[in-house]
Amino acid sequence: MAKKIIRTYLALRMGESIMISLHFAIYVTFLMQHNLSLLEVNIVNCCFMVSVFLLEVPTGAIADLFGRKISFFLSNIVNGIGFLVYGFSDKLSGFILAEIIIALAITLQSGAFKAWLVDSLDYYNWRGEILTVFKQEGRITRITFLIGGLIGAYMAKDNLSIPFIVA
């Protein structure tokens, strides 16, 4: 059962990584196409980072109160909404709103998913080294970030909004 849990965890992380990375290669170009300066692009990115910092504790409480599955499920829905807002935005304020929504999704997911893995493995008395699973996750996400970035760049050849909408 532990192997199934680990495979499920890694498969979900891989799928998430590909979807999130679709916009990596075209992010700055997309924002600059909408007449944002480099300063405004960095302001948008800064809003994401500050939002992640501010939302980490409150969203952890959501996972503690309502459960990790609910938190993870909500994170996927909120992330989808954030990327849709991104794909249909054309102003600085829309991009900032999208980044705040995506930051909320990231923080809803951040600790809940790893905690689910650890708790599930503990439940089945798994005696393996959890660090090896996280190392494997790191390798998988780096590879899928590369693949997702390439796929997103290809998808964006006609319309830079497509990778955001698909994500």
Side-chain angles (χ1 to χ4, degrees), residues 9-117 134 137-138 140-167:
Y9 175 79
L10 294 174
L12 288 171
R13 285 292 292 145
M14 186 171 71
E16 174 194 35
S17 297
I18 285 178
M19 296 310 282
I20 286 176
S21 65
L22 289 176
H23 76 286
F24 283 5
I26 54 104
Y27 175 72
V28 173
T29 307
F30 173 77
L31 292 174
M32 291 182 80
Q33 180 191 35
H34 288 88
N35 299 319
L36 270 67
S37 68
L38 283 176
L39 174 64
E40 291 170 322
V41 169
N42 284 309
I43 288 170
V44 169
N45 197 24
C46 185
C47 288
F48 171 78
M49 298 298 176
V50 169
S51 297
V52 167
F53 177 76
L54 294 175
L55 294 169
E56 193 67 44
V57 172
T59 55
I62 290 172
D64 291 341
L65 289 172
F66 300 107
R68 294 181 180 113
K69 287 181 186 177
I70 296 291
S71 184
F72 183 70
F73 179 74
L74 284 174
S75 76
N76 288 306
I77 291 172
V78 172
N79 206 22
I81 292 168
F83 276 104
L84 282 174
V85 170
Y86 232 121
F88 291 111
S89 293
D90 61 353
K91 295 180 184 168
L92 177 65
S93 59
F95 299 130
I96 290 173
L97 175 63
E99 288 287 356
I100 292 169
I101 293 169
I102 293 169
L104 174 63
I106 295 296
T107 57
L108 278 167
Q109 183 266 351
S110 65
F113 198 35
K114 285 184 180 179
W116 167 80
L117 172 70
F134 291 143
E137 172 194 2
I140 287 170
T141 56
R142 284 179 187 87
I143 291 167
T144 54
F145 281 166
L146 176 64
I147 293 167
L150 292 171
I151 292 169
Y154 181 77
M155 290 168 58
K157 67 181 182 171
D158 295 323
N159 185 342
L160 290 175
S161 296
I162 298 296
F164 291 93
I165 294 168
V166 170

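Below, each value reflects all heavy atoms present in this structure, side chains not excepted, and no hydrogens, waters or symmetry copies.
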Legend entry - Shortest non-hydrogen separation from W116 to R68 and the atoms involved: N-CD, 3.6 Å

Inset, instruction - Look up atom CD in E99 and atom CZ in F95, then write down how far apart they are to the nearest 0.5 Å. - result: 10.0 Å

Legend entry - Sequence neighbours excluded, every pair satisfying side chain to side chain donor-acceptor pair (under 3.5 Å) that has a member inside residues 44-62: E56-S110, T59-T107

Legend entry - Check: T141 main-chain N/O paired with T144 side-chain donor or acceptor under 3.5 Å: yes

Legend entry - Distance (rounded to the nearest 0.5 Å) between S75 OG and I102 CD1: 12.5 Å

Legend entry - R142 side chain vs G138 backbone, donor-acceptor pair below 3.5 Å: yes

Legend entry - ring pair (Phe, Tyr, Trp, His ring centres under 6.0 Å) partners of residues 145-167, not counting sequence neighbours, each pair once: H23-F164, F24-F145, F30-F164, Y86-F164

Inset, instruction - Begin from the C-alpha positions of I20 and N79 and carry the test side-chain contact (heavy atoms from CB on, under 4.5 Å) through to its verdict. - result: CA-CA 9 Å; I20 286 176; N79 206 22; 3.9 Å; yes

Legend entry - Pairs touching residues 42-81 that satisfy ring pair (Phe, Tyr, Trp, His ring centres under 6.0 Å), sequence neighbours left out: F72-F113

Inset, instruction - Mind checking the OG-CD1 spacing from S161 to I26? Nearest 0.5 Å is all I need. - result: 8.0 Å

Legend entry - Closest contact, heavy atoms only, A153 versus A25: CB-CB, 4.0 Å

Inset, instruction - Drop me the distance from I70's CD1 to L65's CG, to the nearest 0.5 angstrom. - result: 12.0 Å

Legend entry - Which atom of P163 lies closest to which atom of M155, heavy atoms considered: CA-CE, 4.1 Å

Inset, instruction - Please examine the side chains of E40 and S37, heavy atoms only from C-beta on, and report whether any two atoms are closer than 4.5 Å. - result: yes

Legend entry - Interatomic spacing from SG in C46 to CD1 in I96 - rounded to 0.5 Å: 9.5 Å

Legend entry - Close side-chain approach of L74 to Q109, heavy-atom, < 4.5 Å: no

Inset, instruction - Heavy atoms only: give me the nearest V85-G94 pair and the separation to one decimal. - result: CG1-O, 3.8 Å

Inset, instruction - Please round to the nearest 0.5 Å and tell me the distance separating atom CG of N35 and atom CG of L92. - result: 11.5 Å

Inset, instruction - Taking all heavy atoms of F88 and all of I165, pick out the closest pair and write down the distance. - result: CZ-CD1, 3.9 Å

Legend entry - Nearest heavy-atom neighbours spanning L38 and M32: CD2-SD, 3.8 Å

